[in-house]
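First the structure, in the form of structure tokens, and then the observations on it.
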Protein chains: 2
Amino acid sequence: MPRPSPVTDEVRRLFETQERHAWSIDELLTSVRSSLGAADYSSVFRAVSLFEREGVLDRIDLGDGRARFEVRDDHHEHIRCERCGRVEEVPVCVLDDASAQVHNLTGFKVTSHRVVFGGLCRECGA
Amino acid sequence: MPRPSPVTDEVRRLFETQERHAWSIDELLTSVRSSLGAADYSSVFRAVSLFEREGVLDRIDLGDGRARFEVRDDHHEHIRCERCGRVEEVPVCVLDDASAQVHNLTGFKVTSHRVVFGGLCRECGA
DNA sequence: CTACGTGCAAAGGTTTTGCAACATT
DNA sequence: AATGTTGCAAAACCTTTGCACGTAG
């Protein structure tokens, strides 16, 4: 039986139950603190690092200077509001057949891609 | 007549004459030092910041933790070797007509996008 | 003398790690 | 007693800024 690990458990629970996408460590920490009362940044960091090592989470970089984590599932892209920073999921992969073209153009063996759209969300665009 | 500004001039010269894409500040600094003998990181930083403000350079983020700069020109995507970090240009935009689809799917007003392919360059893939 | 470019050093922000304390097995 | 989880603090890494110096106008 594993030892109690409230912080790690709460981080896991957040990813399992919440609909949120692309959690930053700070966002996770805020949520964990509201549940547990207290927690340290490094503990949350170690939790997501563990899950990333286990292959449960993917680390993504949206270009806003902070790492974000989300459950590893079907590939998709992201869209981030350039005004408020809100991040949502683009539920399709628009590049599935572009890789061959990229290979032809560059000679690289394409193994991954990462797309981030920028824009204004419904609230900010109004 | 402007004052002498060897560092700024040399950074400008690198962008004007070199074929390299997506310079990081450290890469610029190394190159400037090999030409001028000595230069400071902050001077190179201020040069690229100036050029970015002037609209001559674009800052891009390839997800490797360092800012990169390149001459503002026709929009294109990037591909980065996941092993050696080499960055090359993908001389097409594979997303020109995907924005409307993204808008329909998310409701965001799409104003930009950023694509980074990952892969293995010809040397590393062998 | 004034203004600008530069170097130096330090501040900021985020990620990462070392270490000791603590609790559970 | 041993081990794993956590908190605290500091290191590490990159970007950014404050300040003083030196030089050209």
Side-chain angles (χ1 to χ4, degrees), chain A residues 1-15 22-54 56-70 78 80 85 87 114 116, chain B residues 1-16 22-54 56-70 78 80 84-85 87 114 116:
Chain A
M1 220 50 179
R3 317 271 170 117
S5 46
V7 176
T8 305
D9 293 345
E10 179 62 16
V11 172
R12 183 185 295 108
R13 196 187 67 78
L14 285 172
F15 280 107
W23 291 86
S24 70
I25 296 178
D26 268 315
E27 291 165 347
L28 287 166
L29 180 60
T30 300
S31 222
V32 169
R33 280 185 173 154
S34 70
S35 298
L36 302 185
D40 192 75
Y41 184 100
S42 65
S43 301
V44 176
F45 168 77
R46 279 188 264 242
V48 292
S49 297
L50 170 68
F51 297 146
E52 190 193 5
R53 246 177 287 127
E54 290 177 345
V56 177
L57 293 185
D58 275 327
R59 169 187 299 227
I60 57 182
D61 177 347
L62 268 40
D64 61 350
R66 47 184 59 187
R68 290 172 182 274
F69 299 85
E70 64 182 14
H78 298 90
R80 176 172 182 276
V87 175
R114 187 165 49 84
V116 183
Chain B
M1 218 49 181
R3 316 266 170 123
S5 46
V7 175
T8 304
D9 292 344
E10 179 62 17
V11 171
R12 183 186 295 108
R13 197 187 65 79
L14 285 172
F15 279 107
E16 282 173 351
W23 290 88
S24 71
I25 297 178
D26 268 315
E27 291 165 347
L28 287 167
L29 180 60
T30 299
S31 221
V32 170
R33 280 185 173 153
S34 71
S35 297
L36 302 185
D40 192 76
Y41 184 100
S42 65
S43 301
V44 176
F45 167 78
R46 278 188 264 242
V48 291
S49 298
L50 170 68
F51 296 147
E52 189 192 6
R53 246 177 289 125
E54 289 177 345
V56 177
L57 294 185
D58 274 327
R59 167 185 300 225
I60 57 182
D61 176 347
L62 268 40
D64 61 350
R66 47 184 60 190
R68 290 172 182 275
F69 300 85
E70 63 183 14
H78 299 90
R80 176 172 182 275
C84 73
V87 175
R114 187 165 50 84
V116 183

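None of these values were measured; they are calculated from a predicted model. Proteins get letters first, then strands, A, B, ... in listed order; numbering begins at 1 in each.
Using a 4.0 Å heavy-atom distance criterion, B/S42 is classed as a base contact. Nucleic acid contact for A/T8: sugar-phosphate only, since backbone atoms but no base atoms lie under 4.0 Å from a heavy atom of the residue.
Rounded to an integer number of Å, the gap from B/Y41 OH to D/dT16 P is 8 Å. If you take CG of A/L62 and P of C/dT14, they are 15 Å apart, rounded to a whole angstrom.
A donor-acceptor distance shorter than 3.5 angstrom exists from the side chain of A/S24 to the backbone of A/E27, with no hydrogens or angles considered.
Taking side-chain N and O atoms only, A/R59 has a distance below 4.0 Å to OP1 or OP2 of C/dT16. Contact annotation: A/S43 side-chain N/O to D/dG7 OP1/OP2 distance is under 4.0 Å.
Closest approach of B/S43 and B/V7 over heavy atoms only: CB-CG1, 3.7 Å. When every heavy atom of A/S31 is checked against every heavy atom of A/S34, the shortest pair comes out as O-OG, 2.8 Å.
Closest to the side chain of B/A39, out of D/dC14, C/dT15, C/dG7, is C/dG7.
B/D40 and B/S42 form a side-chain donor-acceptor contact under 3.5 Å, judged by distance and modelled atom types alone.
With hydrogens and angles left out, the side chain of B/R46 and the base of D/dG18 share a donor-acceptor pair within 3.5 Å.
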